[in-house]
Each structure stands twice: as C-alpha cells, then as structure tokens.
Amino acid sequence: MIHVKQLEKKFRKKNVLTNLSFAVEEPKIIALIGRNGVGKSTLLKLLAGHLKPTKGQLEVVGEKPFNSLKVASNTILIQEEIAFPQYFTLVDILQQGKQFYPNWQQELAEKLLAYADIPLKSHHSKLSTGQRAVFNLVYGLATRCAVTLLDEPMNGMDEAIRSDFYRAILKEYIAYPRCIIISSHYLAEINHLVEDILLIDKGAITLYAPIHEVQEMAVKLRGNKAVIDSMEIDEAILYRYTEDQFCEVVVFPERLEQVTGVEVLPVSASEVCKYMTDRKGGIDDVFK
Amino acid sequence: MSSNDIRMGDNIWQQTKWKLKAYNSGFTTVVVVQILFSLFFLSVLDGMTHLSTGNMYMNLQVSIFSIDGVLMFSLIACLIVSLIMASQGAWHENMSVVTTRITATLSTVVYFIILSAVATLTAVSSFYIAVWLAQQFHDTEWIASDYLLPLRTYVICFVLHLVATACGFLAGIALEKSKLLFTGGVLAGFFIVPYVLFWNLKGSEEISEAEPMNYYAVSSVLFMIAIVLYTLAIWIRSRQEVR
C-alpha cells in the first residue's frame with residue numbers, strides 16, 4: 001500500500017527528511033509521532049503527492065504520488081490549512097465530496113456534523129477552530145479513501161469532542177478498513193486507537209513498531225543513586241534523572257541482567273517516544 | 001478495499017464544473033464591469049451634444065457608443081479574475097478534491113475559455129443591456145442600432161479575452177514563485193508582445209473594417225500567444241509543489 005525507501009526531502013539547502021524507509025502492506029491505523037519540525041507534515045504531504053521527493057523511492061497504491069491521479073483518488077490529506085472555496089456552504093462542500101470521491105458517505109458526514117452541532121448552512125471560514133477541525137475530519141472520514149492521512153486532526157477540539165471523534169475514527173476503520181496515518185503530539189490520547197507507531201526524529205525514522213512492542217520496550221527504575229550506579233547499565237539508559245541520592249532511569253529491559261533493590265515501573269509508549277527523542281539534558285538544565 | 005480509478009478527461013470535466021460553481025463570482029465580476037462601463041460611456045456620451053440648426057430649429061443630439069472602451073475594461077476584469085485564480089488560496093482549494101497539478105491547471109484553462117466566451121458575448125451585447133437599463137431610469141428615447149456585428153468582431157473579442165486570462169494566470173503563477181520573475185515577465189511581455197502581434201502586418205495598412213483578413217491574421221497571432229502562455233502556465237504548475 002505504501003512503500004518508502006531511502007526517501008529524502010530538501011527545501012533549498014535544508015534537509016527535512018533524510019534516508020527514510022518503511023512500508024505499510026495492509027490496512028491499519030498508524031500514529032506518526034515526532035517533535036515539532038522533524039518532518040511529520042512533510043512526510044504526509046509527500047505521501048499525498050503535494051510535494052516531490054528530492055531523492056529515494058516513494059510509492060502509494062502502486063504509483064509515485066506526485067502528479068498521479070490514481071494516488072489522488074485513493075488518498076486524502078486532512079490538515080489544518082485545508083482550504084475550501086470561500087463561497088461554499090458546508091452543504092456545497094459535502095456535495096463536492098460526493099462529486100469527486102466514489103466511496104463518499106453522505107449520510108455519515110451529515111450525521112457526524114449534526115452530532116457535533118455544526119449547522120450545514122454555515123461557511124467553512126466562519127466556523128470556530130474546533131468546529132473547523134471537526135468538519136475537516138468528517139470530510140476526511142467520509143471520503144473513505146484507501147489511504148487517509150490526518151495531520152494533527154484534533155487541534156482545537158475540546159476534550160469531549162476529541163474523545164468522541166477518536167471513537168468515530170475507530171468505528172469508521174472497523175466498518176471500512178483502510179490505512180489511516182494520524183500525526184499527533186499526544187500519543188497517550190490515541191494509544192487505544194493505533195496499531196503501529198512511526199516515530200520520526202531529525203528527519204529519519206527512529207522507531208517503527210507495533211504499539212504493544214513499544215509499550216514493553218522500556219522500564220523505569222527508581223531508587224537509590226548508588227544502587228542504580230552499581231548495576232552498570234549506562235549503555236542501556238534512555239533517560240536519567242538524579243537529585244541528591246534519588247535516581248530515576250529509563251532503560252531497555254533486555255540489557256538488564258538482574259534488578260534488585262530498586263522500584264521497577266512500566267513505561268508507556270508515549271514516554272518511550274519522548275525519551276527516544278529527548279534533546280541533551282532537560283529543561284531543568286536551562287535554569288541551572 | 002477497492003481502488004478508485006478515475007480517467008483524466010472525466011476528472012478535468014468534473015473539476016471544470018466544480019470551478020464554474022465555486023468561482024462563479026468571476027463571471028459576475030466581468031459582466032458587472034461591462035455593464036457598469038457601458039452605462040458610464042452612455043452617460044458620458046450623453047453629455048456630448050451636437051447642435052445643429054436647420055429646418056424648424058430642430059436640436060439634434062447624437063450619442064455614439066463604442067464597444068472598445070467596454071472591451072478594454074472587460075479585458076482588465078478578466079486579467080484580474082485570472083490573477084486571483086492563480087493565487088495560493090485558489091491553488092490550495094484545488095487540493096480539497098481529487099486532482100493533480102496537471103488536471104487542476106487544465107480545468108482552470110477550460111474555465112478561462114468558458115469565461116472568455118461568455119465575456120465576449122456579454123461585451124458585445126453590453127450596449128443593448130446598458131440601453132435597456134438606461135431606459136428604465138431616463139425619459140430619453142434611445143434607439144439602439146440593430147446592426148449585427150460581423151463574426152470577426154466576436155473572434156477577435158474572444159481571443160483578446162483568452163490572451164488577457166492567459167496573461168493574468170501566468171503572471172499570477174510567476175508572482176507566487178518570485179517577484180523578480182513576475183517583474184521580468186511583465187517587462188518582457190510589454191516589449192515582446194506588440195512586436196509578435198504585428199510582425200505579419202508590416203507594410204500593410206492599419207487594421208480596418210475594409211480589410212477583414214487582417215482581423216483574422218491578428219486573431220490567429222493572438223490565439224498562438226494565448227496557447228504559448230497557457231502551455232507555459234501548465235508546464236510551471238505541473239512542477240509546482242503545494243506547501
């Protein structure tokens with residue numbers, strides 16, 4: 001479905017993506033995680049054919065996305081800056097979706113918008129940020145494209161509507177399995193939804209694995225600094241925090257031989273991603 | 001999960017229909033401009049009174065309406081509409097439907113062809129519309145000539161509108177890419193186009209009604225210019241990324 005091999009993308013002289021490789025063979029929901037500015041949106045735009053790769057191979061539904069009508073008709077990219085004709089009401093926009101997308105779900109779109117209390121006679125530009133985000137997501141789901149790319153789709157939505165629409169994504173996926181890639185900064189929120197995690201850092205893929213594997217990838221050890229130091233696990237440490245005699249480390253468990261005298265705690269997938277992309281030091285160092 | 005396959009021709013036609021609906025304000029703008037300037041010319045010409053004394057001391061007022069002025073403002077309106085259609089905003093709106101750069105640009109070109117055809121018809125008939133409107137508010141009796149314009153007038157009006165939209169579209173694309181390219185393009189157009197336009201008329205008399213073949217010669221050169229400009233626009237757009 002999606003094949004990416006040694007993909008590179010440069011903007012003028014700035015390398016945004018370097019040597020990116022991964023493949024998605026079957027319908028699944030993937031979380032695209034990474035810090036700000038690491039190239040998540042760029043990758044989604046490359047997959048949707050909005051951008052042209054500088055180097056490497058990229059195939060979506062069997063074709064290079066840039067200028068491919070087949071990819072365009074099987075892919076939808078929902079992002080904050082998606083624009084619709086200014087004078088169109090939401091009814092017109094839904095009509096537009098029906099006209100262009102063969103699998104368009106008019107009834108679903110209308111029901112979801114009614115649920116979110118978004119009047120169909122309003123204009124897209126007049127909606128609040130949250131309502132606009134809801135509408136964009138509904139539009140993306142209603143197209144039922146084989147590859148659905150959602151770039152931070154929940155930005156601006158309130159907590160209640162966010163959790164409802166995560167559920168809507170899941171239900172839609174069950175009804176019509178497809179490849180859904182959700183870019184988000186809040187992995188903890190979508191833990192229950194996603195099957196795989198694609199973690200990008202510094203323009204390259206740091207991690208691409210099923211979420212259950214990521215959840216078992218690391219453990220947290222908490223206890224006396226002297227005890228932890230005596231364990232000789234420096235090479236396995238992902239993250240370390242010390243204060244006086246207290247010490248907390250996050251380590252890969254397979255590199256641990258024996259753990260005694262310290263507290264062992266699980267580490268969530270979200271934390272693993274955070275630690276794997278940590279910059280040198282922490283925010284505390286700034287204030288030292 | 002089935003794969004959607006859409007034919008290029010179908011997609012261009014779908015997008016053209018969509019653009020005709022989404023950007024119908026382009027048509028309204030051009031027609032309103034034409035009617036406003038027709039009314040303006042009528043009211044200005046109304047003030048130009050020719051008096052003559054003859055039998056029965058009759059005063060005669062003659063108003064002459066020329067389509068050239070309306071045409072000029074119609075072309076400017078088309079140029080501005082096409083410039084707006086080449087903006088980043090409109091370019092991004094294309095991306096909310098099934099499209100590629102090539103089909104998006106081709107459908108825009110088809111939109112401009114339709115706009116040019118409609119603008120030609122309304123420009124030619126704008127005098128009659130303006131007269132009808134003037135009659136609603138004035139007591140003056142207007143006598144519109146029932147003289148039908150020759151086909152060559154329609155042809156040249158149409159290709160002039162095509163060139164105006166092509167210039168505006170290309171200029172808009174150039175402006176989005178770089179201001180330097182835009183300025184260079186405008187300057188080059190300013191110096192090159194008149195030369196290209198009249199190269200085959202060297203030695204011949206000024207274009208006149210008496211020489212209809214010159215109309216067709218100029219029309220064909222204008223048509224070629226429009227094709228070159230549109231081809232250039234399609235070529236640039238087919239390589240342009242959406243950021």
Side-chain angles (χ1 to χ4, degrees), chain A residues 1 9 11 26-27 41-42 45-46 48-54 60-63 65-79 81-88 92-93 95-104 124-125 136 139-140 143-147 173 176-179, chain B residues 1-29 81 84-108 111 176-178 233-243:
Chain A
M1 198 175 269
K9 181 63 192 171
F11 290 118
E26 56 186 15
S41 298
T42 304
K45 284 180 180 177
L46 282 161
H50 290 194
L51 299 176
K52 196 176 184 181
T54 310
V60 177
V61 291
E63 283 188 15
F66 198 75
N67 271 337
S68 162
L69 201 52
K70 189 183 176 190
V71 175
S73 60
N74 286 286
T75 308
I76 179 106
L77 169 60
I78 297 299
Q79 48 187 345
E81 58 263 39
I82 189 169
F84 296 100
Q86 205 183 341
Y87 300 109
F88 271 16
D92 295 326
I93 299 172
Q95 204 58 40
Q96 154 192 322
K98 195 176 176 182
Q99 188 187 336
F100 281 93
Y101 293 95
N103 299 328
W104 179 258
H124 189 258
S125 55
N136 294 348
Y139 186 81
T143 59
R144 282 200 173 168
C145 282
V147 178
Y173 171 73
Y176 190 81
R178 67 198 100 160
C179 174
Chain B
M1 191 172 47
S2 59
S3 168
N4 303 329
D5 274 318
I6 295 173
R7 285 190 6 230
M8 195 175 171
D10 293 341
N11 185 250
I12 293 170
W13 180 232
Q14 268 183 336
Q15 284 190 68
T16 306
K17 281 196 291 183
W18 173 68
K19 279 175 185 169
L20 288 173
K21 189 182 173 192
Y23 307 114
N24 58 20
S25 53
F27 288 83
T28 321
T29 308
V81 167
I84 293 166
M85 290 283 283
S87 67
Q88 275 295 319
W91 186 227
H92 274 97
E93 281 166 12
N94 284 322
M95 297 300 141
S96 65
V97 298
V98 174
T99 189
T100 63
R101 278 145 206 80
I102 294 167
T103 59
T105 317
L106 283 171
S107 60
T108 307
Y111 171 92
E176 292 294 339
K177 282 191 86 70
S178 114
I234 293 166
W235 181 73
I236 297 172
R237 268 282 152 98
S238 67
R239 300 155 60 87
Q240 200 174 354
E241 295 184 322
V242 187
R243 292 191 185 171

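In what follows, every chain begins at residue 1, and chains take the letters A, B, ... in the order their sequences are listed.
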In terms of heavy-atom contacts, does NZ of A/Lys98 have more than 12 from other residues, nucleotides or ligands at under 6.0 Å?
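It does not: A/Lys98 NZ has 12 such atoms or fewer within range.
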
List the atom of [X], the atom of [Y], and the distance in Å for their closest heavy-atom pair.
| X | Y | result |
| --- | --- | --- |
| B/Ile6 | A/Leu69 | O-CD2, 3.4 Å |
| B/Ser238 | A/Asn67 | O-ND2, 2.9 Å |
| B/Val98 | A/Phe100 | CG2-O, 3.6 Å |

Bottom line for B/Lys21: the part with an atom under 4.5 Å from chain A's heavy atoms is both

Counting only N and O atoms by type, is there a donor-acceptor contact under 3.5 Å from the side chain of A/Tyr139 to the main-chain atoms of B/Ser96?
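Indeed, once roles are kept as given, a pair shorter than 3.5 Å links the two residues.
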
Would you give the length of the straight line joining atom CE of B/Met95 to atom CD1 of A/Ile76, rounded to the nearest 0.5 angstrom?
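Here the rounded value is 11.5 Å.
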
About how many Å separate CD of B/Gln88 and CD of A/Glu81, when rounded to the nearest 0.5 Å?
11.5 Å

Contacts of residues 11-18 of chain B with chain A (heavy atom under 4.5 Å):
B/Asn11, B/Gln14, B/Gln15, B/Lys17, B/Trp18

A/Ser68 versus chain B, the contacting section by heavy-atom distance below 4.5 Å:
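Answer is backbone: N, CA, C or O of A/Ser68 sit under 4.5 Å from chain B.
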
Which region of A/Phe88, side chain (C-beta onward) or backbone (N, CA, C, O), has a non-hydrogen atom less than 4.5 Å from a non-hydrogen atom of chain B, or is it both or neither?
side chain

